[in-house]
Amino acid sequence: MKPPIYLDNNATTRIDPAVLSAMMPYLTEEFGNAASSSHVYGWKAAEAVETGRSQVARLIGGAPREIVLTSGATESNNLALKGAARSYREKGRHLVSSATEHKAVLDTLKSLEAEGFESTVLPVDKEGLLDLDRLRGAIRPDTILVSIMAANNEIGVLQPMEEIGRLAGRPDVAHRPQGLWTERGGRPLRPAAGTQDTDRAPHRRRRT
Ligand SMILES: Cc1ncc(COP(=O)(O)O)c(C=O)c1O
């Protein structure tokens, strides 16, 4: 049977040949566990992880110690949202996000509500864009976090992250763009001013 044309690249996509070739040594000969510090296989794997961390930092204009590698976007969302909310809880308990965020974000907000946080989930217009006036109106004195995806994983709409960063840019509001689909014109989108954390999933780095 002739397979259908694959049109689900937003869900996941074919690995970039350059990524495959960079990874091949670690999938074949250099397969050590980076946490195994008592032998050379582990040392080599740890060295490769640190090289990757530095490369990602350079790509987005950060420092290697700021890059936290996780198993995927669901874990990143949980780590970032719960980490920020819990560490700012003495300042306030209000979180802001949008209705078109991934379930991994919306479910994390629900679980934070069960811990006593309150969230405002803003609607989007028919183009999938957030209304910046509504966002401005939603930010309250007790708002500690604004979490908006830079580019939507279903429809690809790009939110105005610079403006959102400025609106959320009060020093006491953590701004958290989610960046799965943030490449514009082949360039990675760097976190906007005021951004405290951003996450990316590598398996959608490239459309084929
Ligand atoms: C925007 C967004 N966030 C989170 C996820 C969950 O990603 P993962 O499967 O890496 O946990 C996805 C994947 O579908 C996504 O598109």
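First listed ligand is number 1; within each ligand, the first listed atom is number 1.
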Between E118 and R93, is a side-chain contact (heavy atoms from CB on, under 4.5 Å) present by the stated rule, with each step listed? CA-CA 6 Å; E118 184 193 343; R93 304 223 166 174; 5.7 Å; no
Any side-chain heavy atom of H94 sitting closer than 4.5 Å to one from I144? no
Enumerated ligand 1 atoms positioned under 4.0 Å from heavy atoms of M149: 1 (C)
Just to be sure I read this right, does ligand 1 sit under 4.0 Å from the backbone of N77, its side chain, both, or neither, counting only heavy atoms? side chain
Between OG of S98 and CD1 of I164, what distance do you get to the nearest 0.5 Å? 8.0 Å
Sequence neighbours left out, what passes side-chain hydrogen bond (donor to acceptor under 3.5 Å, both in side chains) with D131? Give chain and number order. none
Part of E101 within contact of ligand 1 (heavy atoms, under 4.0 Å): neither
Quick one: which of A150, A73, S76 has a heavy atom closest to atom 7 (O) of ligand 1? A73
Proximal ligand 1 atoms for N153, defined as those under 4.0 Å from one of its heavy atoms: 1 (C), 16 (O)
If you count the atoms of ligand 1 from 1 in the order shown, which ones are under 4.0 Å from a heavy atom of G72? 10 (O)
Contact (N/O only, under 3.5 Å) between H102 and ligand 1: yes
Those residues that, when tested against F31, pass ring pair (Phe, Tyr, Trp, His ring centres under 6.0 Å) (two or more places apart): Y41
Within a distance under 4.0 Å of any heavy atom of T74, pick out the atoms of ligand 1 and give their elements. 6 (C), 7 (O), 8 (P), 11 (O)
Side chains of R89 and F117 in contact at under 4.5 Å (non-hydrogen atoms): yes
